[in-house]
Amino acid sequence: MRIGGETTRSIRPGATRASFSVLDQTLLPWRVAWVDIATPEAAAVAIRTMQVRGAPLIGATAAFGLALALRDDGSDRGLAAAAAMLAATRPTAINLAWALARVSRAAAALPLRERAARAWDEAVAIADEDAAACAAIGRHGTPLLAAIAARKGRVNVLTHCNAGWLATVDWGTATAPIYAAHDAGIPVHVWVDETRPRNQGAALTAFELGAHGVPHTVVADNAGGHLMQNGMVDIVLVGSDRVARNGDVANKIGTYLKALAADDNGVPFWVALPHSTIDWQVADGMRDIPIEERSADEVTHVSGAAADGSPMRVRVAAPGSAAANPAFDVTPARLVTGLITERGRCAASEAGLRGLYPEAG
Ligand code: MRU
């Protein structure tokens, strides 16, 4: 990822293994500030308050948080308690539970005194593998964009929320093919859904596309259908927080509406994800993926910056009105053209997923 002209990652392990740092995404794009996290409790706060967000980055943050916990208490009880505390931070992205289970398994197999070091190594591996997986997603997704550009001279992508490098360790999921195509000289333009209520599109995706030099235009969430009806979108690319075994896709609230509009207008709708986002235990995503309900304040208020750049928050809903804030929705597999993973592309179905991951239980 590029930030201030520098190439870095969204999570940085400390050299002494006593802390790690993350970009505070609640301050972006107004301020670039790294937060040092030295305790499992601070990791949990960072995830809950969305200083870090995005399914793969939540998983990596929790993994480092659990490794920090084992420095103080490496017992089975300490491990289980810290893992449970971190798991309770956000319910929808399965990468969180996946990363905690992976670190727990690696540590629990060892004597107490070796656990903290082993957990840290596992967290580093999770972060490194996520960056590699996202780069591979870029390679597997680029041909989709290249084919459209070859036909039309340029490709217009629509994306929702932030499934970019800020949501992962590097490259992003939905954005990886965009960056790879752009870097390969393919003319790409991105329609960026603002993504109310927290505006991850307007604030974060636009910020990172801009930092990478990718042409983009922010649109109100409600504009997507109109753009598709008028031939202004060639492909929809989104990420996911959890993909069920049957190919149903949980992603940021509003994704389902984009899938409906894409289906009605014959626009391909692709979902990009690493293997850590697949929940093999959930057979039916429409029925069994838990949907996070967040604070009504996120709907009644918006955050932004004043003319002098200072962060501010204003109320947009009529005083006294109730507000509801389901943070994710589930797009049924039948509306998904296909999945882009680090192992290649497949149909959004159990057969498609098993074709790429035959070893999955
Ligand atoms: O609530 P958030 O900002 O954590 O939601 C993030 C998303 O929905 C992303 O699109 C998803 O995690 C895919 S990220 C690679």
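In this text, all values refer to a predicted model and were calculated from it rather than measured experimentally. By convention here, the first residue in the shown sequence is residue 1. We count ligands from 1, going down the list as the structure has it; atoms in each ligand are counted the same way.
Between Gly54 and ligand 1, at least one pair of N/O atoms sits closer than 3.5 Å. Among the atoms of Thr173, none of the N or O lies under 3.5 angstrom from an N or O of ligand 1. At under 3.5 Å, not a single nitrogen or oxygen of Gly239, backbone or side chain, sits near a nitrogen or oxygen of ligand 1. For the pair His160 and ligand 1, the shortest N or O to N or O distance does not fall below 3.5 Å.
Counted within 6.0 Å of CZ on Arg77, heavy atoms from surrounding residues, nucleotides or ligands total 12 or fewer; the atom is thus considered open. Summarising the local packing, CZ of Arg354 is surrounded by more than 12 heavy atoms from other residues, nucleotides or ligands at distances under 6.0 Å. By the neighbour-count criterion of 12 heavy atoms within 6.0 Å, atom CH2 of Trp171 is sparsely surrounded, having that number or fewer from other residues, nucleotides or ligands.
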Margin query: Let's go through Trp165 and His212 carefully: what are the C-alpha distance in whole Å and the side-chain angles of both, what is the deciding distance for ring pair (Phe, Tyr, Trp, His ring centres under 6.0 Å) to 0.1 Å, and is it a yes or a no?
Written below: CA-CA 11 Å; Trp165 49 250; His212 201 100; 8.7 Å; no
Next item on the list: Walk me through it: do Arg313 and Glu298 pass the test salt bridge (charged side-chain N to carboxylate O under 4.0 Å, His left out)?
Entry: CA-CA 10 Å; Arg313 204 167 139 67; Glu298 294 180 353; over 6 Å; no
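The closest protein non-hydrogen atom to atom 10 (O) of ligand 1 is Asn251 OD1, 2.9 Å. Among protein heavy atoms, atom 6 (C) of ligand 1 sits closest to Arg53 NH2, 3.4 Å. For atom 8 (O) of ligand 1, the closest non-hydrogen atom of the protein is Asp241 OD1, 2.8 Å. Among all non-hydrogen protein atoms, the one lying nearest atom 14 (S) of ligand 1 is Ala167 CB, 3.6 Å.
Taking 4.0 Å as the cut-off between side-chain N and carboxylate O, Glu114 and Arg118 do not count as a salt-bridged pair. Ion pairing between a basic and an acidic side chain is recognised when a charged N comes within 4.0 Å of a carboxylate O; Asp128 and Arg9 show such pairing.
When non-hydrogen atoms are compared, ligand 1 lies under 4.0 Å from the backbone of Ser240 (N, CA, C, O) but not from its side chain. Only the side chain of Arg90 comes within 4.0 Å of ligand 1, counting heavy atoms alone; its backbone N, CA, C and O stay farther away. Here Ala55 has heavy atoms under 4.0 Å from ligand 1 in both its backbone and its side chain. Using a 4.0 Å cut-off between heavy atoms, Lys252 contacts ligand 1 through both its backbone and its side chain. For Arg198, no heavy-atom contact with ligand 1 is shorter than 4.0 Å.
With Phe269 as the aromatic partner, Lys258 does not meet the cation-pi criteria of under 6.0 angstrom to the ring centre and within 45 degrees of the ring axis.
Residue contact check for ligand 1: Gly172 places no non-hydrogen atom closer than 4.0 Å to it. The shortest heavy-atom distance from Thr255 to ligand 1 is not under 4.0 Å.
Defined by atom type and a distance below 3.5 Å, a donor-acceptor pair is missing between the side-chain atoms of Asn162 and Gln25. Side chain to side chain, Asp193 and Thr195 fail the donor-acceptor criterion of an N or O pair below 3.5 Å. Residues Ser276 and Asn95 have side chains that bring a donor and an acceptor to within less than 3.5 angstrom of each other.
Set against the non-hydrogen atoms of Gln200, the atoms of ligand 1 under 4.0 Å away are 1 (O), 2 (P), 3 (O). Remark: ligand 1 atoms within the under-4.0 Å shell around heavy atoms of Met50 are 1 (O), 2 (P), 3 (O).
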